[in-house]
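One structure below.
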Amino acid sequence: MARVRYGARTEAEIAAARAARSRLPDIWSTGVAALWETDPEAVAAVLPPPLKPTGSPLVRVSISQVGMPGYPLGAGSFAVAAAHDGVEGWYPLVMPMTHERALTGGREVFGEPKKLGEVTLEREGDLIRAVLARHGIAFVEVRGTVSGELPPPEPAPRTDFYVKFLPAVDGSGFDAEPVLVHCVRHEKVRRLQRVTGEVVLRESPYDPVADLPVRRLLGITLGEKTGDQRGRVVERVDARALLPYVHQRYDDPLHVHDGPPEGSL
């Protein structure tokens, strides 16, 4: 009988796939990062327990083109500063990706809020334009002019916080206890440039980042970097406290609460 490709993999095939992942070379990306201060109450409003605000109401957006083997990947992140149990880091609200392959691992393994979207990074001479767009709406745009070289920072870890959960089959809560994930990224930067420009946030009912406006722009950079990440579950999350924030993950806030019709099989 011909190989049934949906059938179980052998132990040797599973081991070979794991070994191939461990031999991946450094994957470099070119990206724009913008940092600004916003309204403290807005940051506090989007953080689910047990995350808390830090001493600074910061927002960080990154828009990158990643040199994935075989095809380029557009990757974005819109995150707010957060703290948990003495650790400061970032809580991403939305992470647009241009390919499904980039969605599944991050979303299913780490609980990252990844969604399919359009990620654009254009450079013409010293002019830079970077955009995150979904549903035809460019909800974040960073534009400016490269205005000088900066010394690359030393390699350093950065922590992102994710909440991993599985909505209940009947639409009432969760099928398993949600967990808080600390994902530590070790980044290496080989080139960094200063960008003089602006951040434009546009209204979108699907990605309402305009609720975290730019009150004081702290800087925009264009950089080339690589890195790796490791995640670990650090805490079980109170399901009732998390439920009001679940809509952040979905375009239709009612979708996750839609259970089967009463009396259906």
Derivation of the side-chain contact (heavy atoms from CB on, under 4.5 Å) call for Val237 and Glu235:
CA-CA 6 Å; Val237 176; Glu235 184 176 321; 5.5 Å; no

Could you go through Val94 and Tyr206, starting from their C-alpha distance and side-chain angles, then the distance that decides it, and tell me whether this counts as side-chain contact (heavy atoms from CB on, under 4.5 Å)?
CA-CA 10 Å; Val94 61; Tyr206 309 103; over 6 Å; no

Evaluation steps, side-chain contact (heavy atoms from CB on, under 4.5 Å), between Ile128 and Val142
CA-CA 8 Å; Ile128 296 291; Val142 182; 6.0 Å; no

Under the criterion side-chain contact (heavy atoms from CB on, under 4.5 Å), I'd like the reasoning laid out for Asp85 against His182: C-alpha separation, chi angles, the key distance, then a yes or no.
CA-CA 11 Å; Asp85 198 22; His182 283 200; 5.5 Å; no

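At distances below 3.5 Å, at least one donor-acceptor pair connects side-chain atoms of Thr226 with backbone N or O atoms of Ile27. Glu118 contributes no side-chain N or O that, together with a main-chain N or O of Pro96, makes up a donor-acceptor pair within less than 3.5 Å. With Arg123 contributing its side chain and Gly125 its backbone, the two residues share a donor-acceptor pair below 3.5 Å. Under a 3.5 Å cut-off, the side chain of Lys164 and the backbone N or O of Glu108 do form a donor-acceptor pair. In this structure, Asp39 contributes its side chain and Pro213 its backbone to no donor-acceptor pair below 3.5 Å.
Distance NZ/Lys188 to CG/Asp228: 10.0 Å, rounded to 0.5 Å. Atom CD of Glu177 sits about 13.0 Å away from atom CG of Leu166, to the nearest 0.5 Å. The line from CZ of Arg249 to CG of Leu93 is 10.5 Å long, rounded to the nearest 0.5 Å. The CG atom of Leu121 sits 10.5 Å away from the CZ atom of Arg129 when rounded to the nearest 0.5 Å. Of the inter-residue distances, the one linking Gln65 atom CD with Leu73 atom CG reads 7.5 Å to the nearest 0.5 angstrom. If you take CG on Leu192 and OG1 on Thr221, they are separated by 5.0 Å, rounding to the nearest 0.5 Å.
In terms of the salt bridge (charged side-chain N to carboxylate O under 4.0 Å, His left out) criterion, Glu100 has no residue partners (sequence neighbours excluded).
Between Arg191 and Glu149, at least one side-chain nitrogen of the basic residue sits less than 4.0 Å from a carboxylate oxygen of the acidic one, meeting the salt-bridge criterion. For the pair Glu37 and Arg215, the salt-bridge criterion is not met [side-chain N within less than 4.0 Å of a carboxylate O]. Between Lys114 and Glu112 there is a salt bridge, since a side-chain N of the basic residue sits under 4.0 Å from a carboxylate O of the acidic one.
Both Ile220 and Ile63 are members of a single hydrophobic cluster when ILVMFWY side chains are connected at heavy-atom separations under 4.5 Å. Leu35 and Val32 fall into different hydrophobic clusters, where Ile, Leu, Val, Met, Phe, Trp and Tyr residues are linked whenever their side-chain heavy atoms come under 4.5 Å apart, directly or through other members. Tyr245 and Val209 fall within the same hydrophobic cluster, defined by Ile, Leu, Val, Met, Phe, Trp and Tyr side-chain heavy atoms under 4.5 Å apart, directly or through other members. Both Val234 and Phe161 are part of a single hydrophobic cluster, where members link through side-chain heavy atoms under 4.5 Å apart. One hydrophobic cluster, built from ILVMFWY side chains closer than 4.5 Å, cannot hold both Trp90 and Val163; they sit in different ones.
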Could you pull out every donor-acceptor pair under 3.5 Å between side chains of residues 40-60 and any protein atom, sequence neighbours left out?
{"from": "Thr54", "atom 1": "OG1", "to": "Ser56", "atom 2": "N", "distance (Å)": "3.3"}
{"from": "Thr54", "atom 1": "OG1", "to": "Ser56", "atom 2": "O", "distance (Å)": "2.9"}

Let me check something: any side-chain donor-acceptor pairs from residues 196-203 under 3.5 Å, sequence neighbours excluded? List them with distances.
{"from": "Thr196", "atom 1": "OG1", "to": "Ser147", "atom 2": "OG", "distance (Å)": "2.9"}
{"from": "Glu198", "atom 1": "OE2", "to": "Arg143", "atom 2": "NE", "distance (Å)": "2.7"}
{"from": "Glu198", "atom 1": "OE2", "to": "Arg143", "atom 2": "NH2", "distance (Å)": "2.9"}
{"from": "Arg202", "atom 1": "NH1", "to": "Ala138", "atom 2": "O", "distance (Å)": "3.2"}
{"from": "Arg202", "atom 1": "NH1", "to": "Glu141", "atom 2": "OE1", "distance (Å)": "3.0"}
{"from": "Arg202", "atom 1": "NH2", "to": "Glu141", "atom 2": "OE1", "distance (Å)": "2.7"}

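Minimum heavy-atom separation, Asp238 to Ala241: OD1-N, 2.7 Å. Nearest heavy atoms, Phe165 versus Tyr250: CE1-OH, 3.7 Å. Considering every non-hydrogen atom in both Gln248 and Lys115, the closest pair reads O-NZ, 3.8 Å. The two residues Pro205 and Ile137 come nearest to each other via the heavy atoms CD-CD1, 4.1 Å. A pairwise comparison of heavy atoms in Val119 and Ala75 identifies CG1-N, 3.6 Å as the closest pair. Contact detail for Trp28 and Glu224: the closest heavy-atom pair is CZ3-O, 3.9 Å.
In this pair, Phe78 and Trp36 present their aromatic rings perpendicular. The plane angle is above 60°, beyond the 30 to 60° band.
Heavy-atom neighbours of Arg190 CZ from other residues, nucleotides or ligands within 6.0 Å: above the threshold of 12. Counting heavy atoms of neighbouring residues, nucleotides and ligands inside a 6.0 Å radius, atom CZ of Arg5 does not exceed 12 of them. Heavy atoms of other residues, nucleotides or ligands lying less than 6.0 angstrom from CD of Glu11 number 12 at most.
When side chains are defined from C-beta on, Pro113 counts as touching Tyr162, because their heavy atoms get closer than 4.5 Å.
When Arg230, His186, Gln229 are each tested for a side-chain contact (heavy atoms from CB on, under 4.5 Å) with Pro157, only one passes: His186.
Asp251 and His135 share a side-chain donor-acceptor pair at under 3.5 Å.
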